[in-house]
Amino acid sequence: SAAGVPSVSKIMKISGQGAPVGGGFRYVKLEEVSEVSGKAFGSAAELNVLDTSGNTIGRTGWVASADSAETSSPAYPAANAIDGNPATLWHTRFVGASPPPPHWLVVDMGTSHHPVGGFRYLPRQDGSSNGRIGGYRFYVSTDGVNWGTPVAQGTFANTPAEKTVTFGAPPSNQPPVVTNPGNQTSV
């Protein structure tokens with residue numbers, strides 16, 4: 001994409017009946033299926049979760065964890081992906097070993113359950129594409145253990161621009177049905 005032009009990503013719509021148990025979800029998981037250049041890395045400058053109206057859910061009390069994080073100096077912990085600072089980032093381990101994808105970043109949104117209608121992923125902003133997520137899957141959970149079927153999946157454009165994915169709430173009594181309306185421009 002040219003500078004200033006929104007990136008294109010797949011936007012998934014979830015259909016079904018009923019509302020999520022407890023009015024929403026406590027956990028979300030962004031899973032990197034592939035890195036844009038086929039490398040073993042994963043990274044994120046920021047991950048924001050959206051409510052069903054498309055508004056960013058406040059991150060007070062949130063805790064992030066990941067399957068892998070670089071711990072040498074400088075360290076790139078999962079917490080950097082939810083710190084509100086696009087200059088910091090989470091990055092999977094690369095010193096001594098580079099475990100291959102899939103990689104995941106889980107956010108515990110605290111004791112409250114939130115209606116989740118989408119997310120925004122900001123790739124690292126330091127000029128490097130290492131770890132930029134290509135293929136992804138996104139999950140929601142009430143307990144952080146049972147993830148079920150992804151509520152969204154697709155491939156992000158290979159640009160440093162923020163990517164936005166929106167979807168509806170999955171039903172509480174059955175797995176979500178994911179339909180792909182095709183490529184749409186995200187805002």
Side-chain angles (χ1 to χ4, degrees), residues 6-7 9 24-36 39-99 101-145 147 150-152 156-167 186-187:
S7 65
S9 65
F25 300 94
R26 179 175 170 176
Y27 300 88
V28 297
K29 176 168 64 172
L30 175 59
E31 182 180 56
E32 176 202 39
V33 178
S34 62
E35 194 256 7
V36 294
K39 297 176 185 171
F41 311 128
S43 68
E46 290 296 312
L47 178 64
N48 283 288
V49 181
L50 308 176
D51 65 20
T52 53
S53 297
N55 300 311
T56 302
I57 298 172
R59 296 189 273 188
T60 302
W62 287 17
V63 176
S65 60
D67 69 304
S68 174
E70 184 53 58
T71 58
S72 67
S73 183
Y76 298 104
N80 286 355
I82 60 169
D83 67 1
N85 182 353
T88 64
L89 61 116
W90 158 69
H91 197 293
T92 56
R93 185 174 174 199
F94 57 85
V95 174
S98 298
H103 293 296
W104 51 260
L105 180 65
V106 169
V107 176
D108 177 347
M109 297 186 288
T111 57
S112 299
H113 287 217
H114 301 276
V116 176
F119 69 96
R120 286 197 302 265
Y121 161 67
L122 181 66
R124 63 188 298 173
Q125 298 294 294
D126 62 358
S128 174
S129 64
N130 281 348
R132 187 177 294 156
I133 296 173
Y136 72 89
R137 291 187 284 248
F138 192 79
Y139 299 84
V140 294
S141 174
T142 57
D143 61 8
V145 175
W147 293 100
V151 294
F156 290 131
N158 184 7
T159 71
E162 184 172 65
K163 282 72 170 156
T164 299
V165 177
T166 59
F167 46 85
S186 60
V187 182

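Residue numbers count from 1 along this sequence.
- Using modelled atom types, one side-chain atom of Glu70 and one backbone atom of Phe94 make a donor-acceptor pair closer than 3.5 Å.
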Intermediate values then yes/no, side-chain contact (heavy atoms from CB on, under 4.5 Å), Leu50 and Thr56: CA-CA 4 Å; Leu50 308 176; Thr56 302; 3.8 Å; yes
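- Rounding to the nearest 0.5 Å places CD1 of Ile133 at 14.0 Å from CZ of Phe41.
- Checking side-chain atoms of Glu32 against main-chain N and O of Gly134 turns up no donor-acceptor pair under 3.5 Å.
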Stepwise side-chain contact (heavy atoms from CB on, under 4.5 Å) check, Trp147 with Tyr27: CA-CA 9 Å; Trp147 293 100; Tyr27 300 88; 3.5 Å; yes
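- Using a distance-only test at 3.5 Å, with no hydrogens or angles considered, no donor-acceptor pair links the side chain of Asp51 to the main chain of Ile57.
- Donor-acceptor pairing under 3.5 Å is lacking for the side chains of Asn130 and Arg124.
- Arg93 places no side-chain N or O within 3.5 Å of a backbone atom of Pro99 that could act as its donor or acceptor partner.
- The backbone N or O of Ala40 sits less than 3.5 Å from a side-chain atom of His103, completing a donor-acceptor pair.
- Judged by distance alone, with hydrogens and angles left aside, the side-chain atoms of Asn80 form a donor-acceptor pair with the main-chain N or O of Leu89 at under 3.5 Å.
- Between the side chain of Thr92 and the backbone N or O of Gly42, at least one donor-acceptor pair lies under 3.5 Å.
- If you take OH on Tyr121 and CD on Glu162, they are separated by 11.0 Å, rounding to the nearest 0.5 Å.
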CA sep, side-chain torsions, deciding dist, call: Val49, Met109, side-chain contact (heavy atoms from CB on, under 4.5 Å): CA-CA 9 Å; Val49 181; Met109 297 186 288; 4.1 Å; yes
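- To the nearest 0.5 Å, atoms CH2 (Trp104) and CZ (Arg137) are separated by 14.0 Å.
- Distance check, rounded to the nearest 0.5 Å: OG1 of Thr60 to CD1 of Ile82 gives 10.5 Å.
- Classified by interplanar angle (parallel below 30°, tilted 30° to 60°, perpendicular above 60°), the ring pair Tyr136/Phe119 is perpendicular.
- A donor and an acceptor atom, one from each side chain of Asp83 and Thr88, are located under 3.5 Å apart.
- Residues Asp108 and Arg26 are paired through a salt bridge, judged by an N-O separation under 4.0 Å between the basic side chain and the carboxylate.
- Ring planes of Phe167 and Phe138: tilted class, angle from 30 to 60°.
- Of the possible polar contacts, none joining the Glu46 side chain to the Ala44 backbone as a donor-acceptor pair under 3.5 Å is found.
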Step-by-step side-chain contact (heavy atoms from CB on, under 4.5 Å) determination, Leu122 to Arg120: CA-CA 7 Å; Leu122 181 66; Arg120 286 197 302 265; over 6 Å; no
